[in-house]
Enquirer: 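Encoded as structure tokens, here's the structure I'll be asking about.
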Amino acid sequence: MEYNFRDIEKKWQQWWSENKVYKVSNDSPKPKCYVLDMFPYPSGAGLHVGHPLGYIASDIYSRYKRLKGFNVLHPMGYDAFGLPAEQYAIEHGIHPAVSTAANIKNFRSQLDKIGFCYDWDREVNTSKPGYYKWTQWIFLQLFNSYFCHTEKKALPISKLIKKYEEKGAVPKTGEFIPGKHFTAEQWKAFSEKEKADVLMRRRLAYCGYGEVNWCEALGTVLANDEVVNGVSERGGHPVVKKTLRQWYLRITEYADRLLEGLDKVDFSDAMKEMQTNWIGKSTGAEIDFKLWGGASPLPSPGGEEISQDPVKEKFFRTADSGNWHILKKYGRENRKDPTEAEDILWQRLRNNQLGAKVRRQHAIQGYIADFVFLEVKLVIEVDGEYHNEEEQKIYDDARTKFLNEFGLQLLRFTNEEVISNTEKVINEIKSSIEQQRQKFKTTAADGELSPSPQGEGRGEAKLRVYTTRPDTIFGVDFMVIAPEHELVEEITTDEQKQAVDEYIAYVKSRSERERMAEKKISGVFTGAYALNPFNGREIPIWISEYVLAGYGTGAIMGVPCGDERDHRFAKHFNIPITNIIGEYYTGEDANPTYDAVLENSDFINGMKMKDAIDVVVRKVEEMGIGQRKVNYKMRDAAFSRQRYWGEPFPIVWKNEIAYPLSESELPVELPHMDDLKPGPDAQGPLANLTEWINLPSPSGEGLGVRREVNTMPGYAGSSWYFLRYMDPDNEKEFCSRKAADYWGQVDLYIGGTEHAVGHLLYSRMWTKFLFDLGLIEHDEPYKRLVNQGMIQGSSRFAYFLTVNYSSLNSESKSTRVFLSKKWVDIIESDNTQKFISEKISEVLGKKIALHHVDVSYGEKPIPTHVDVNIVDGVELDIEAFKRWRSGEYANAEFILEDGKYICGVETEKMSKSKFNTVNPDDLVMKYGADTFRMYEMFLGPVEMSKPWDTKGIEGVHRFLKKFWRLFFKESNSPSPQGEGRGEAFLVTNDEPTAEELKVLHNTIRKIESDTERFSFNTGVSAFMIATNELTDLKCHKRKILEPLLILLAPYAPHISEELYAQLRNSPSPPGEGGGEASILNASYPVFEDKYVKETTKAYPVAINGKTRSELTLSLDVTQEQVEQIVLQDPIVQKWLDGKTPKKIIYVKNKMINVVI
RNA sequence: CCGGAUGUGGUGAAAUUGGUAGACACGUCAGACUUAGGAUCUGAUGCCGUAAGGUGUGGGGGUUCGAGUCCCUCCAUCCGGACCA
């Protein structure tokens, strides 16, 4: 009887499905085991052979654990929301719901063919309301929670409100900063809007502002990888950064716990390192540097006294050289100090008292305004008595003009006005704010939440940097600020303005990715200087894209002798380098050492760098110019997308305040839309659905309640799906506590490293959050993580030259001539084109009498991808190639080698466009699922990336056939169908020999340990070895084959199930309820040491480390005995050549080495 | 650029703790059986060499009786870098 895998696999897949053999119960006396594959996105391209790699590994493991007596949860489902479906809809007019459903259907049918043991009754789909209701529900919990820094966990926001009502938000130590801190009384006086804004600063899901890649031409926001060289991938339109209101998850609050949690999980060190780096915790200090105008003092015009305050000095110097009166202005200010009037006004304006945030003494384009409401562009000036002075008037007018040019409204009061008629002044300011607000249609929320790296409520002109190396403070030779830094505009001098503007424009056109990937050093000098607070040294301030706005303060101090990037920067721009680390710095390369003894470093001279760090930080804190600071590279996770195909937010807006919907209003279903074009003002498509957006006001006031139109990102649904599998149909909860407690953590999670920092961190955070709320009992979702390698494509290339020729009786023609690889290599190396040209003439000449042939000399053969499915190894199926691509190459000519066309080979990413994808369906059809599964495993270690080559699959298929022949004699003559086993069945009930038992038990040990440690490739090879050995021994004994079959069942379930049934003398599947007859419920064979014990060992005998001989010795020989035996060995004697060995090394059970 | 990983025959790979490098397969070559072979079986196969032998795990250096494995250094390739999932 032959191994008819098609019938066998079909039969058993059907039987498994009909009998629901993979259905898993949440209630079992067996120990539980949760094996999970990373959530697949059902892409339109379907599965290629790379995808199932991890699924097969986890399937083998699941089946293995089941045989070992575990209740195994092994589910599968779909991360069905996502950008590709939306993009497909825009391009092809197919609704995402439709294409996604079709993709899922295809996906499922592909999976089914491979014979996985998923419990399909637990399938989940993130785009179904029954699922995303709970995604929205969890979002609401995040929205309604804050992170308590004392308890280091999430708590309900109601607790925070209570705290504010009772105690306000006052600092335990340090100064009370208006705008940041407030008293309980102030809290109570806040408007609803103000309260909402304050709370928004703490919610775990919050609204803020963020930059996106905006493409005006496409009217849409683009993903980073949709932007190439500053233009959109589709269409090549320009892309710029645009600031939009966005939702965020405050994952940064969990940074420390995400780091600590890594100690509790079994992830690879590489994975832990990647997450650690991503979180990027660093300890350092923030240090303020005062701004300074320039290196050499300008001659003092008119004998005016020059300010001693470098801050103000700076603005004098950066002004137009003709503006000598500005000096006067700052001279005046310098004398003035905060006036009584200013103080009065400040007390009335600060802290949002007029519904807008105010800054005092804030620098704008080289001017320092007394008060500025940035959000409404309103400037308040309080003047002394000297505004009648002629020149001051000129200046004031010029200034007003200037401010107007920048769209700033200026309001001017005298000191007396403010002091004597404060209310009037306040009212005037109030109405101006209103006017301005109308004018700009901005909201209070805009200004409130815009980042303010300068510190709240204080407009002093200083540059705050973050550094992890405060010890290098005296090695600072320049400052670098991010191009987006708030100070850029303010500090840039007129001379440098053009250069800076050009540079900013250049940076704006680049993606963050490109900025970080850029090798070339770029930057521009602002013209401004900062002062080193310790020695007063002037430090030039530069702008460069290698400093990112989002990290630290968006400004760094450049220490070229100690930092590689700073060093390159200094070299490139010829900035002199200060050496503070003596001979540690060679002048060639930076040395980031911590061990050097500091030089040129004032009060820390002679100190070791690592010791100096603390000294400097303390000094900085003492001086009040900065503080110790822990920083994280990780940023809060952007949680909204300007897209259609995602979860709608359960949020409505009223008067610019976000209100959560109640649980009873969930799910907020995604409304149907036919046209998915973007909404106005960079909003997502949902913004076009007026009737959906606008809701009647709950209090009956009519209009004004609008739905949130953003949708959630792809990782929303996938951040908690592992919990839904535990209780997929629960309509009352996202997952019952009972189910969550029963299944607990995922015991084994398999997926690619591409999720290392995205999905894995988010889902870990959500788990911690749900844990904080007391909804689940684990705060780490995945106990053990295995990363599968990527299967790359092995592309095949054909090479052609375009040849022009003419025959004697017709006009000239042009044709493509494909050259086999050999000729291509010859052309590339020897340049023997004449030879090739003759070949071409020869080929063409067979058909027509040639008159003239013209090969474009100097042109190399052009490689073109060939579909790997029409190439056998490297040999091209020319006939198939001619039919390929609707006959594009039907008329091409071929120059062969040995009658074959040999293709070139290159390893690339597997993708349709490279014609190197291999569909598992085809392989399953040709060789069967069992062969396919085992071959995928046989390719190499699961964790390793490797190129796919279908060639080797034959070997695995041969193995299964050989294995089959241990049970059945394959007859050459076809036997009548349905006859079942007859005399062809070879299995006997004879007692096995010691040798046979040794083979079996060696295999049990090997397979068990290999499966346990995911070494499936060596596992497959162990099956091959066992089968080869048993074939040699002509072993057909039940007592050997049945345990072997159980070992094989996780790897090749179909053939095992069939042979198991045959062994049980039941040629057809057991009937209903006959589950115990299935191999799935067999018990795993137990390894017994006694069958594999050895008494002797063939030792390699090495002379000076080189193996020269072999001696078989008993395992219990002593060193003396070994020396004696070894010295008598003729080969050893030959190598000794009469000499006495210096030493004989004998390692029991390993080797013997004779040292001469 | 930053971070991670990987480099072993013609190919995929094995060598679990520093101890016989290349198991198991693919491919290739030779042979057997056969009307036939893209079936099956047998043998050979890292490289140089008729052989003895030499040489060999990306390159260079080191530790060791002994290094694919440990250390230093250089190089190459692949993956990820926050709106692809």
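So you know, we letter chains A, B, ... as the sequences are listed, proteins then strands, and number each from 1.
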Enquirer: Can you tell which of B:rC24, B:rC1, B:rG12 lies closest to the side chain of A:Ile1025?
Expert: B:rC24

Enquirer: Tell whether A:Glu754 reaches the base of B:rC84 with its side chain through a donor-acceptor pair below 3.5 angstrom.
Expert: no

Enquirer: Contact class for A:Gln792 (heavy atom, under 4.0 Å): base, sugar-phosphate, or nothing?
Expert: sugar-phosphate

Enquirer: Anti or syn, where syn is a glycosidic angle within 90° of 0; which label fits B:rG53?
Expert: anti

Enquirer: Closer than 4.0 Å, any side-chain N/O of A:Lys1150 to the OP1 or OP2 of B:rC65?
Expert: no

Enquirer: Using a distance-only test with no angle check, is there a side-chain donor-acceptor pair under 3.5 angstrom linking A:Arg250 and A:Thr252?
Expert: no

Enquirer: Could you check whether A:Asn1104 gets within reach of a base, just the sugar-phosphate, or nothing at all, counting any heavy atom under 4.0 Å?
Expert: nothing

Enquirer: On the nucleotide B:rC83, are OP1 or OP2 found under 4.0 Å from the side-chain N or O atoms that A:Arg641 carries?
Expert: yes

Enquirer: Counting side-chain heavy atoms from C-beta on, which of B:rA85, B:rC1, B:rC83 comes nearest to A:His755?
Expert: B:rA85

Enquirer: Determine the contact category for A:Ala1102: base if any of its heavy atoms lies under 4.0 Å from a base atom, sugar-phosphate if only primed atoms, P, OP1 or OP2 are that close, otherwise nothing.
Expert: nothing

Enquirer: Respond yes when some side-chain nitrogen or oxygen of A:Arg1108 is under 4.0 Å from OP1 or OP2 of B:rU20, and no when none is.
Expert: no

Enquirer: Using atom P of each nucleotide, how far apart are B:rG3 and B:rU57 to the nearest Å?
Expert: 30 Å

Enquirer: Has A:Thr1107 got a side-chain N or O lying under 4.0 Å from the OP1 or OP2 atom of B:rG19?
Expert: no

Enquirer: Within less than 4.0 Å of OP1 or OP2 of B:rG19, is there a side-chain N or O belonging to A:Asn1149?
Expert: no

Enquirer: So does A:Asn1153 get a side-chain nitrogen or oxygen closer than 4.0 Å to the phosphate oxygens (OP1/OP2) of B:rG19?
Expert: no

Enquirer: Is any side-chain N or O of A:Lys909 closer than 4.0 Å to OP1 or OP2 of B:rG80?
Expert: yes

Enquirer: Nearest to the A:Val212 side chain among B:rG4, B:rC83, B:rA85, which nucleotide is it?
Expert: B:rC83

Enquirer: Taking the same atom, C1', in B:rG9 and in B:rG46, what whole-Å distance lies between them?
Expert: 4 Å

